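Written below as structure tokens is the structure these notes are about.
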Amino acid sequence: MIYPATETYIQRAAQAIKQGNVVAFPTETVYGLGANALNAEAVAKIFEIKQRPYFDPLIVHVDSRDMVQEVVATLPDIALRCMEAFWPGPLTLVLPKSTIIPEIVTAGLDTVAVRMPQHQVAQKLIQASGVPIAAPSANPFGYLSPTTANHVASQLGDKVEIILDGGQCPVGVESTIIKIEKDSITLLRHGGIPVEDIEAVAGKISVIRHTQVEAPGQLPYHYAPKTKIVLINDISKIPDDSSCGAILYQKRDLSFKNIHVMYLSDNGDLRQAAANLFTCLHALDAMRLSVIYAEAIPEVGLGQAIMDRLNKAQARHS
Ligand code: AMP
Ligand code: MG
């Protein structure tokens with residue numbers, strides 16, 4: 001059930017976490033499905049609810065430096081600099097794990113993904129729970145990520161007792177994930193912090209070796225609606241058909257009369273586009289159209305995260 005994210009309900013959700021249960025809560029990226037990261041049985045419930053394959057590791061959410069120290073084995077200088085620059089915020093660091101993190105969280109890897117969220121409700125929930133919270137997005141595996149409490153309720157409502165409602169997620173796409181080794185950084189997923197910004201901070205000591213996403217990005221598709229998605233560069237080629245939908249980058253004068261059009265932004269603002277991406281996809285997907293056309297957007301800054309999600313969504317039906 002959906003509850004407002006007031007102190008009372010945050011406390012109640014924290015109680016559920018402490019008891020080994022799973023709750024849904026807002027973060028600045030997307031809504032998460034959280035459990036005590038130190039309790040393997042509680043974490044197993046997340047995989048069951050999401051139908052998530054066990055080879056796909058989870059991100060551990062922390063609220064303090066002390067908590068980071070507990071979950072990682074080492075904190076290299078590059079990591080400290082990234083934390084200083086981007087935490088709290090949508091950047092996840094993959095680092096050698098400490099022994100208190102159960103294998104189920106990391107899918108057996110000797111590294112752990114860790115992030116300090118910026119959203120007040122997420123921070124308060126971790127604080128009140130007193131433990132790191134393992135949380136993937138609160139959606140069935142492979143489907144669109146939720147950016148409102150209603151998205152969570154309509155997909156997992158019968159499986160999650162507490163959904164804290166903190167309104168629409170301000171960033172709207174998942175965190176950027178980087179793996180930090182001795183003196184190198186590898187990008188594992190594009191997300192809420194543009195790669196260019198990380199490079200500016202991690203500077204000379206860091207090298208981005210490749211931009212390939214590790215598991216589960218190796219899967220052919222992810223982040224996909226049920227409706228077929230077709231990416232398109234030239235929007236004049238989109239048919240004006242009432243059985244179709246279109247997601248366009250920015251508002252403009254169009255001669256479309258029948259097709260269902262939604263705009264990611266007013267004037268081509270990538271931040272606004274990222275924040276609206278999953279909301280637009282959810283809305284059009286609910287209309288049971290035959291196809292949703294998505295306009296290709298510039299692959300710079302946050303545009304890389306948006307295009308990554310659209311490409312993976314398109315791949316589901318191709
Ligand atoms: P999600 O929380 O659903 O957005 O997914 C988190 C993603 O983080 C996973 O799909 C992995 O790709 C990545 N991840 C988590 N832990 C690790 C790790 N130890 N090594 C590499 N990637 C990881
Ligand atoms: Mg996810």
Side-chain angles (χ1 to χ4, degrees), residues 27-30 32 37 57-98 101 105-107 109-119 122-123 126 132 134-137 169-218 270-271 273-275 297-309 311:
T27 79
E28 70 275 23
T29 59
V30 303
L58 305 181
I59 295 172
V60 173
H61 296 76
V62 298
D63 74 332
S64 67
R65 282 280 176 103
D66 288 348
M67 211 180 253
V68 183
Q69 301 274 12
E70 284 169 29
V71 304
V72 304
T74 56
L75 216 39
D77 200 44
I78 303 180
L80 289 170
R81 277 209 260 158
C82 289
M83 287 159 60
E84 188 65 37
F86 303 110
W87 280 11
L91 176 68
T92 297
L93 307 177
V94 172
L95 292 161
K97 84 177 199 59
S98 77
I101 297 295
V105 173
T106 63
L109 298 171
D110 54 10
T111 52
V112 62
V114 58
R115 174 169 107 80
M116 188 185 291
Q118 184 162 40
H119 201 290
Q123 284 190 7
I126 302 166
S137 48
C169 301
V171 174
V173 290
E174 294 80 354
S175 58
T176 304
I177 305 180
I178 56 175
K179 183 171 182 178
I180 297 184
E181 283 150 306
K182 276 188 208 106
D183 50 4
S184 71
I185 299 182
T186 312
L187 178 71
L188 299 185
R189 175 174 74 188
H190 282 293
I193 303 276
V195 172
E196 297 92 319
D197 295 8
I198 302 168
E199 284 182 311
V201 166
K204 293 170 195 156
I205 7 164
S206 71
V207 183
I208 301 224
R209 286 199 304 236
H210 58 82
T211 53
Q212 197 109 29
V213 181
E214 288 183 0
Q218 290 162 342
L270 285 168
R271 202 173 283 242
I297 65 166
E299 290 198 56
V300 291
L302 284 175
Q304 296 178 90
I306 298 171
M307 282 301 282
D308 169 70
R309 306 305 185 268
N311 275 312

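Computed from a predicted model, the values in this text were never measured in an experiment. Just the heavy atoms: all of them, side chains too, but no hydrogens, waters or symmetry mates, feed the values below.
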Which pairs of donor and acceptor atoms, one on a side chain in residues 109-118, lie under 3.5 Å apart (sequence neighbours left out)?
residue: Arg115; atom: NH1; partner: Glu28; partner atom: OE2; Å: 2.7
residue: Arg115; atom: NH1; partner: Gly89; partner atom: O; Å: 2.9
residue: Arg115; atom: NH2; partner: Thr27; partner atom: OG1; Å: 3.3

Subject >> Test salt bridge (charged side-chain N to carboxylate O under 4.0 Å, His left out) applied to Arg65 - qualifying residues, sequence neighbours left out >> reply: Glu84
**OP:** List for me each residue that meets salt bridge (charged side-chain N to carboxylate O under 4.0 Å, His left out) alongside Glu70, sequence neighbours excluded, and say none if there are none.
**Re:** none
Original post:
Going through the checks in order, is the side-chain contact (heavy atoms from CB on, under 4.5 Å) test met by Thr186 and Val94?
Top reply: CA-CA 9 Å; Thr186 312; Val94 172; over 6 Å; no
Subject >> Any donor-acceptor pair under 3.5 Å from Gln123 side chain to Asp63 backbone >> reply: no
Original post:
For Gln304, does its backbone N or O pair with a side-chain atom of Asp308 as donor and acceptor, under 3.5 Å?
Top reply: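 Not a single qualifying donor-acceptor pair exists.
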**OP:** May I have the step-by-step check of side-chain contact (heavy atoms from CB on, under 4.5 Å) for Ile59 and Glu174, ending in yes or no?
**Re:** CA-CA 11 Å; Ile59 295 172; Glu174 294 80 354; over 6 Å; no
Original post:
Is there a side-chain contact between Ser64 and Ile126, using heavy atoms and a 4.5 Å cut-off?
Top reply: no
Original post:
Given side chains that start at C-beta, do those of Leu270 and Val300 come closer than 4.5 Å, heavy atoms only?
Top reply: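 Counting from C-beta outward, Leu270 and Val300 do come under 4.5 Å.
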**OP:** Output the distance between atom CG (Leu95) and atom CE (Met83), rounded to the nearest 0.5 Å.
**Re:** 8.5 Å
**OP:** With sequence neighbours excluded, tell me which residues meet side chain to side chain donor-acceptor pair (under 3.5 Å) with Thr176.
**Re:** none
**OP:** Name all residues meeting the side-chain contact (heavy atoms from CB on, under 4.5 Å) criterion together with Ala275; count only those two or more places apart in sequence or in a different chain, and write none if there are none.
**Re:** none
**OP:** Assess whether side-chain contact (heavy atoms from CB on, under 4.5 Å) is satisfied between Leu93 and Ile178, documenting all intermediate values.
**Re:** CA-CA 5 Å; Leu93 307 177; Ile178 56 175; 3.7 Å; yes
Subject >> Intermediate values then yes/no, side-chain contact (heavy atoms from CB on, under 4.5 Å), Ser175 and Arg189 >> reply: CA-CA 8 Å; Ser175 58; Arg189 175 174 74 188; 3.2 Å; yes
